[in-house]
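A note on names: the letters A, B, ... follow the listed sequences, proteins ahead of strands, and every chain is numbered from 1.
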Amino acid sequence: MSEEKLTSRSENFSEWYNQLVQRAEMADYAPVRGCMVVRPYGWALWENIQAALDRRFKATGHVNAAFPLFIPMSFLEKEKEHVEGFSPELAVVTIGGGETLEEPLVVRPTSETIIGHMYAKWIKSYRDLPVLINQWANVVRWEMRTRLFLRTLEFYWQEGHTAHATYDEAEEETLRILDLYTDFAVNEAAVPVIPGRKSDAEKFAGAQRSYTIEAMMGDTRALQAGTSHNLGQNFAKAFEIRYLDDQNELQYCWTTSWGLSTRFVGAIIMTHGDDQGLILPPRLAPIQVVIVPIFRNDEEKSLVMPAVETLKGQLEGMRLKVDERTELTPGFKFNDWEMRGVPLRIEIGPKDVQNGVVTAARRDIPGKAGKIAIPAANARTEIESLLTNIQAALLQRATDFRDSNIHPVDTYEELSQVVQNGWAFAYWCGSSECELKVKEDTKATTRCIPCDQQSGAGRCVVCNQPAAEKVYFAKAY
RNA sequence: CGGGGCGUGGCUCAGCCCGGUAGAGCACUCGGUUCGGGACCGAGAGGUCGGCGGUUCAAAUCCGCCCGCCCCGACCA
């Protein structure tokens with residue numbers, strides 16, 4: 001259970017995050033370096049994320065399947081950029097059942113290769129296309145520096161893999177998923193994101209084009225919260241994914257892949273949390289409403305508990321928890337549930353019962369300011385609208401914060417200044433040299449070239465050559 | 001892999017410099033008083049001091065080796 005005060009965000013954001021994840025019982029360190037245990041409360045949040053995404057995948061015609069954890073080493077080697085990108089971080093199994101394996105097996109870092117192999121088997125005709133498969137899985141990448149949820153050796157995610165007849169269809173799918181991710185982030189998680197395209201340097205190993213949703217965390221650093229890749233024909237050619245078109249001509253497929261991981265849990269924590277702890281968006285919160293009954297003796301208890309039961313009945317179907325722990329004071333419980341980010345707390349004490357009300361306390365508005373008495377009779381309506389308001393307020397606050405920390409810049413000096421504590425938005429000529437110079441000078445990288453680009457042209461903030469597009473520069477997780 | 005820090009009850013740490021009966025706070029258990037913003041009193045349980053070796057009459061403490069974790073840098077969702 002939680003101890004005293006959390007390190008404040010302003011004092012040390014990174015320490016605040018580490019403490020919060022553990023004290024809110026989202027996750028804990030595993031006995032293996034860089035691995036985490038996702039605790040029931042954290043997993044419940046992930047399950048809600050999964051449900052919100054899975055609904056959207058199904059609604060756009062995708063189906064789920066499961067592919068193996070182990071991938072023959074030779075598969076990885078079939079796509080040049082892919083193996084170059086991933087080989088430093090592979091976990092490889094060389095012994096099975098006490099015998100040295102003839103061919104080492106890679107623990108999947110992502111599944112393009114093994115799925116590509118299967119698609120080559122399954123796809124023969126244009127009538128087989130498109131193939132729209134998603135899998136929910138764990139993957140392993142041997143990272144050097146790890147942080148709970150944000151970067152762990154093993155993480156959980158979904159990876160979609162699709163195959164299409166034309167480039168345009170693949171590009172359309174890639175962007176459809178980018179939209180889907182954006183819709184999920186904004187409307188379910190209340191995390192404002194900027195959808196855009198990755199630079200060549202930042203794109204996925206083996207992709208033709210990578211898209212991303214970029215979010216700003218509470219310390220203004222950027223977090224890639226989901227990605228969608230148009231793989232072109234790179235994997236189709238490496239794995240011979242081909243079909244006969246309606247002219248009886250053999251063609252390579254065009255494939256895509258896209259993923260969103262448990263990292264998103266970190267995004268939610270770092271977008272909404274405050275110095276009291278987590279603040280979870282009502283639509284995803286494992287517990288939307290917590291009821292804290294307040295009484296001093298049996299007489300008061302017999303007054304209060306029926307009111308609690310009545311409210312519980314009214315809130316049927318909502319994600320609700322009644323805190324009946326007897327050994328703790330109400331004050332402690334308030335802080336405890338605030339640490340865990342429950343969006344709405346209902347206090348019911350003798351005074352409330354006498355007045356025919358319940359006291360609601362909004363997590364997003366700390367202290368007395370967030371407390372209101374609502375009539376017990378139509379509590380459900382009030383509570384539902386409070387949750388809706390909280391959801392909207394979280395999005396608004398995060399959006400305002402983000403927007404006030406994005407600065408359009410015209411000069412390199414401004415850019416260097418701004419990225420120390422915010423995002424810079426500037427024209428960029430598109431060259432890797434300019435991108436690299438910024439990275440070396442300031443540690444900030446290009447985050448994305450936003451999709452809704454105002455038409456126009458300018459000059460590259462680094463080299464002053466003509467530039468057609470604007471890009472965000474920021475320090476990233 | 002470089003740089004820094006740390007391993008002592010579940011957690012945070014003191015003790016180590018200067019070797020000599022393993023400690024505190026929190027958490028846990030029991031009893032009582034409390035309860036509308038992190039309650040209090042009393043009693044109790046719980047530790048091969050990261051591991052191995054060495055020095056010594058005697059090692060948490062001194063020496064050597066090893067292991068692990070955290071933080072800061074180069075790769076990444």
Side-chain angles (χ1 to χ4, degrees), chain A residues 1-6 12 14-15 17-19 22-23 28-35 84-90 109-110 137-159 181 198 201-205 210 212-215 222-229 257-267 276-277 292-298 300-301 304 323 325-339 345-355 357-359 361 366-368 370-371 373 439-440 443 445 476-477:
Chain A
M1 193 161 312
S2 48
E3 302 114 60
E4 294 302 303
K5 279 239 181 302
L6 214 52
N12 184 343
S14 155
E15 188 57 29
Y17 176 83
N18 288 339
Q19 289 181 5
Q22 289 180 83
R23 288 203 200 168
D28 201 354
Y29 291 102
V32 178
R33 179 196 76 87
C35 291
E84 279 173 10
F86 279 106
S87 60
E89 52 188 52
L90 294 179
T110 179
N138 56 339
V139 289
V140 169
R141 299 180 186 178
W142 215 263
E143 301 290 349
M144 297 181 183
R145 286 202 55 211
T146 58
R147 307 222 23 219
L148 293 173
F149 288 116
L150 302 176
R151 182 175 301 107
T152 45
L153 295 199
E154 179 188 22
F155 59 91
Y156 304 86
W157 75 345
Q158 58 67 214
E159 46 178 324
Y181 285 159
K198 281 291 189 188
E202 297 285 329
K203 77 176 166 46
F204 176 75
S210 283
T212 174
I213 50 171
E214 292 287 323
L223 184 81
Q224 178 173 316
T227 47
S228 184
H229 315 289
S257 70
W258 27 276
L260 187 148
S261 75
T262 37
R263 167 180 266 196
F264 205 95
V265 172
Q276 299 304 310
V292 179
I294 296 161
F295 50 81
R296 274 168 298 196
N297 49 46
D298 284 349
E300 289 183 350
K301 182 177 180 181
V304 164
D323 189 346
R325 292 175 293 180
T326 55
E327 71 280 13
L328 298 171
T329 62
F332 185 96
K333 292 178 180 177
F334 297 167
N335 286 283
D336 195 37
W337 292 113
E338 280 164 11
M339 181 72 77
R345 179 180 75 240
I346 305 291
E347 305 168 15
I348 303 181
K351 286 182 232 161
D352 297 306
V353 177
Q354 272 164 19
N355 299 332
V357 300
V358 299
T359 301
K368 283 218 162 65
K371 285 201 192 189
K439 188 174 181 181
E440 283 172 353
K443 297 198 172 97
T445 51
Y477 275 98

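Base engagement by Glu347(A) is indicated by at least one non-hydrogen atom pair under 4.0 Å involving a base atom. If you check every strand for non-hydrogen atoms under 4.0 Å, Lys351(A) touches a base. Lys439(A) comes within contact range of the sugar-phosphate backbone alone, with a heavy-atom separation under 4.0 Å but no base atom that close. Among the protein residues, Thr359(A) comes within range of the nucleic acid bases, having at least one heavy atom under 4.0 Å from a base atom. Residue Ser228(A) is classed as having no contact, given no heavy-atom separation below 4.0 Å to the nucleic acid. Among the atoms of the strands shown, none is found under 4.0 Å from any heavy atom of Phe86(A).
Separation of the C1' atoms belonging to C49(B) and U21(B) is 15 Å when rounded to the nearest angstrom. Distance check on atom C1': A58(B) versus G4(B) gives 35 Å, rounded to whole Å. Annotation: G53(B) and C69(B) have their P atoms spaced 23 Å apart (nearest Å). For the P atoms, the distance from C16(B) to G68(B) is 29 Å, rounded to whole Å. C65(B) sits 15 Å from U55(B) when the C1' atoms are compared, rounded to a whole Å. Between G23(B) and U33(B), the two C1' atoms lie 30 Å apart (nearest whole Å). The same atom, C1', is picked in G2(B) and in C75(B); the two are 15 Å apart, to the nearest Å. With C1' as the reference atom, A74(B) and G3(B) are 13 Å apart, rounded to whole Å.
In this structure Gln19(A) satisfies the side-chain hydrogen bond (donor to acceptor under 3.5 Å, both in side chains) test together with Thr7(A), Glu15(A), sequence neighbours excluded. Residues satisfying the side-chain hydrogen bond (donor to acceptor under 3.5 Å, both in side chains) criterion with Thr146(A), sequence neighbours excluded, are absent altogether. Among residues two or more places apart in sequence or in another chain, the ring-ring contact (aromatic ring centres under 6.0 Å, His included) test is passed with Tyr156(A) by Trp43(A). In this structure Phe155(A) satisfies the ring-ring contact (aromatic ring centres under 6.0 Å, His included) test together with Trp157(A), sequence neighbours excluded. In terms of the side-chain hydrogen bond (donor to acceptor under 3.5 Å, both in side chains) criterion, residue partners of Tyr181(A) (sequence neighbours excluded) are, by chain and number, Gln158(A).
An aromatic stacking contact links Phe155(A) with the base of A77(B), defined here by ring centres under 5.5 Å apart and ring planes under 30° from parallel.
Remark: G7(B) base-pairs with C67(B); criterion is Watson-Crick or G-U wobble with both hydrogen-bond distances under 3.5 Å. Base pairing annotation: G23(B) forms a Watson-Crick or G-U wobble pair with C13(B), both donor-acceptor distances under 3.5 Å. Across all strands shown, C40(B) forms a Watson-Crick or G-U wobble pair, both distances under 3.5 Å, with G32(B). Pairing partner, U61(B): none, since no Watson-Crick or wobble contact has both distances short of 3.5 Å.
For the pair Leu328(A) CG and C40(B) P, the interatomic distance rounds to 13 Å; values are reported in whole Å. In this structure, Glu300(A) atom CD and G36(B) atom C1' are separated by 10 Å, rounded to whole Å. U34(B) atom P lies 16 Å from atom NZ of Lys301(A), rounded to whole Å. Whole-Å rounding puts the Asn335(A) CG to G37(B) P distance at 10 Å. For Lys333(A) and C35(B), the NZ to P distance is 14 Å, given to the nearest whole Å. One interatomic measurement links the two molecules: CH2 of Trp157(A) to C1' of C76(B), which rounds to 12 Å at whole-angstrom precision. Going from atom CD1 of Ile346(A) over to atom C1' of G36(B) covers 14 Å, rounded to whole Å. Asn18(A) places its CG atom 6 Å from the P atom of C71(B), with the value rounded to the nearest Å.
A cation-pi contact, defined as under 6.0 Å to the ring centre and within 45° of the axis, links Arg345(A) to Phe334(A).
Distance from the side chain of Pro330(A) is smallest to C35(B) among G37(B), G38(B), C35(B).
Against RNA chain B, the stretch residues 259-266 of chain A makes heavy-atom approaches under 4.0 Å through Ser261(A), Arg263(A).
Counting atom types as modelled, Lys443(A) pairs no side-chain N or O with a base atom of G73(B) as donor and acceptor under 3.5 Å. Contact annotation: side chain of Arg345(A) to base of G37(B), donor-acceptor pair present below 3.5 Å. Judged by distance alone, with hydrogens and angles left aside, Asp352(A) brings a side-chain donor or acceptor within reach of the base of G36(B), the pair sitting under 3.5 Å.
By the 4.5 Å heavy-atom criterion applied to side chains, Ile348(A) and Val353(A) are counted as neighbours.
One finds no side-chain N or O of Thr227(A) lying less than 4.0 angstrom from the OP1 or OP2 phosphate oxygen of A77(B).
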Residues Glu154(A), Thr152(A); criterion side-chain hydrogen bond (donor to acceptor under 3.5 Å, both in side chains); working and verdict
CA-CA 5 Å; Glu154(A) 179 188 22; Thr152(A) 45; over 6 Å; no
